[in-house]
A.B. asks: 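I'd like to ask some things about the structure below.
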Amino acid sequence: MAVHNEDVAAAFDEMADLLAIQGENPFRIRAYRRAAQVVRTLPRDLAELGDERRLDELPGIGADLAGKIAELRATGRLRALETLRRRVPPGLRALLSLPGLGPVRVRTLKARLGIRCIEDLDRALSAGRLGSLKGFGSGIESRLRSALADKVARGAQRMSWPIAAEYAEPLRAYLQSIPGVTRAEIAGSYRRGRDTVGDLDLLVSSRSGASAIRALRQYEDLRELTAAGTTKASGVLRNGLQVDVRVVAPQSFGTALHYFTGSRDHNIHIRRRAQTRGCKLNEYGLFRGKRRVAGATEEELFAALDLTWIPPELREDRGEIEAAERHALPELIERRDLQGDLHAHTDASDGREPLAKLVAAARSRRLRYLAITDHSKYLGVVGGLDAARLARQIDAIDALNEKLSDLVVLKGAEVDILEDGQLALPDSILRRLDVVVVSVHSQFGLSEARQTTRVLRALERPCVSILAHPTGRLLGERPPYAINFERVLQAARERPCYLEINGQPKRLDPEDVHVKSARDHGVLLSIASDAHSGAEFAFLDNGIRQARRGWVTKEDVINTRPVVELRALLRKTMR
DNA sequence: GCCGTTTTCGGCCCGACTGTTTTCAGTCG
């Protein structure tokens, strides 16, 4: 039985929760949580990392946890976890996710009222039995009631970054407009450019926190304010998105922005670094004794710690601090580096605009080239092109190019990879194209072995330029399909062909750690909008963000090249 | 449970808000 990173991470997370409910040493609990995080975001499968000795080289994993990983891999079980489950009713874990309930109160509920799961808690609340308990006032009771009431509705759903942006930017502008506010920035996972955002963290610079927070109450999109002090407030927007606002004085803005941007693991690492240098770092500044040595800007904070300024997208404690110390951070790609887009659809398949209109939109965005990659005719996609229709589109594009001087239209197709690894169009027509994008649109549930074989077979075909949206996930709808990404990368490098970073808000595929892994393997990338209308060329921004989180530079991306160099790279993929 | 340019033991990031607290524990980020 194959044990994957996520299985290990889930087991460690459960260990941490159950140990917390038992009242264990908080640092031991944190060690499990940190290990879960490290394993979860590992770019490669643990199975390929080899023996225990290699495992304990991972940060946060020592001899004991390496042994537990080995045990899970060998037996599929973890005796320590099973022992804990016998001692702590597993239903108690779910209680930890409710607001106001931490390990201490959960333990009280179990000890005093015999509550072992959410349903027990619901009944106890209805019967009014909580009021008698120490530490459970009417405030907590009402918060629990409402949390249980809309637990299903709200859930812990994270929102795709581009959707969150529609709420974050107006709120930022509103805060910026409050009298006395000199600056307002969105921090948190949004500023780090994560593919999904769980809540919005905003930082405000003002000498009067109280008045800024009073003004926040008036924000029209705010449903309720759940907590409000003089420097900090939390609330919920009408769409259910959680918002945290923090106010600091200008001389603290840099350290506060850094602190509020996170990630948590990055912050802890940076604060340890400050400590070992005899300093203390908090959101108000970097202090040596009582003297503030940095605070107003992030730049002075990093400089004071002998680090290059680290772009927010890299702040995940995945080696960026070590790289900044060596002044060896990558120079991350920017939107203006892109010269064209290699994945777009017209109304010949499922796009919404005709060829001419899409090309006009690309020109107005100053793209130098655009590949038209309509779907092949296959199940699932209405109106996909067969070889005859594709041949007619090829002629139409040749004619269009005659009339264009500032943009080159590249002839392409997005060809389905069939279940057996064959392509949905014959090589004879694919040879006439400039770029062949291949992708999986069916049979997402195959086993990892079969899915991997399927894609590897497709990559053996003579005409394959780019593997599009390589894991098939749809945020909030469909998980990535099971595939051995490592083997796909090896095949892509040897072949060669390129890997797409898809900028559709629902896809953002592949995820950041896989992007970084591709870069580490020397596989070149294509940043694509997958546009289905001219307006969707804006999705290139999403692809850039995803690329930056994977440490990608301009040199790692094929569509930063002028068209002549790009064509040379594409020819290398055709046999 | 992890980890080490003071340390193989004794630390482990740090502060705001809430509630029930007459001085602080619990939770959260």
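Labels below follow one simple rule: chain letters A, B, ... track the order of the sequence lines, proteins then strands, and each chain is numbered from 1.
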A.B. asks: Once salt bridge (charged side-chain N to carboxylate O under 4.0 Å, His left out) is applied, do any residues pair with R30(A), and if so which ones, sequence neighbours excluded?
C.D. replies: none
A.B. asks: Could you list the protein-to-nucleotides 21-26 of chain B atom pairs, N/O on both sides, closer than 3.5 Å?
C.D. replies:
none

A.B. asks: Just to verify, what does D244(A) make a salt bridge (charged side-chain N to carboxylate O under 4.0 Å, His left out) with, not counting sequence neighbours?
C.D. replies: none
A.B. asks: Only counting residues at least two apart or in another chain, list the ones meeting salt bridge (charged side-chain N to carboxylate O under 4.0 Å, His left out) with D17(A).
C.D. replies: R33(A), R93(A)
A.B. asks: Which pairs pass salt bridge (charged side-chain N to carboxylate O under 4.0 Å, His left out) with one or both residues in residues 165-178 of chain A, sequence neighbours excluded?
C.D. replies: E169(A)-R172(A)
A.B. asks: Sequence neighbours excluded, which residues qualify as ring-ring contact (aromatic ring centres under 6.0 Å, His included) partners of Y284(A)?
C.D. replies: none
A.B. asks: Please list, chain by chain and in numerical order, all residues satisfying salt bridge (charged side-chain N to carboxylate O under 4.0 Å, His left out) with R105(A), sequence neighbours excluded.
C.D. replies: none
A.B. asks: For the pair made of CG in L96(A) and C1' in dC28(B), what is the distance, rounded to whole Å?
C.D. replies: 13 Å
A.B. asks: Strictly by salt bridge (charged side-chain N to carboxylate O under 4.0 Å, His left out), give each pair with a member in residues 252-265 of chain A just once, sequence neighbours left out.
C.D. replies: none
A.B. asks: Reading nucleotides 2-12 of chain B 5' to 3', which nucleotides get B (base under 4.0 Å from a protein heavy atom), which S (sugar-phosphate only), which -?
C.D. replies: SS--------B
A.B. asks: Any non-hydrogen side-chain atom of R318(A) less than 4.5 Å from a side-chain atom of H266(A)?
C.D. replies: no
A.B. asks: State which residues pass side chain to side chain contact (heavy atoms under 4.5 Å, CB included) with Q275(A); sequence neighbours excluded, sorted by chain then number.
C.D. replies: R272(A)
A.B. asks: With sequence neighbours left out, what residues match E185(A) under side chain to side chain contact (heavy atoms under 4.5 Å, CB included)?
C.D. replies: R183(A), F253(A), L257(A)
A.B. asks: Partner of dA25(B) by Watson-Crick or G-U wobble geometry, both contacts under 3.5 Å, or none?
C.D. replies: dT18(B)
A.B. asks: What integer number of Å spans the C1' atoms of dG19(B) and dT23(B)?
C.D. replies: 14 Å
A.B. asks: With a 4.0 Å heavy-atom cut-off, tell me which residues in residues 284-296 of chain A come close to DNA chain B, sorted by residue number.
C.D. replies: Y284(A)
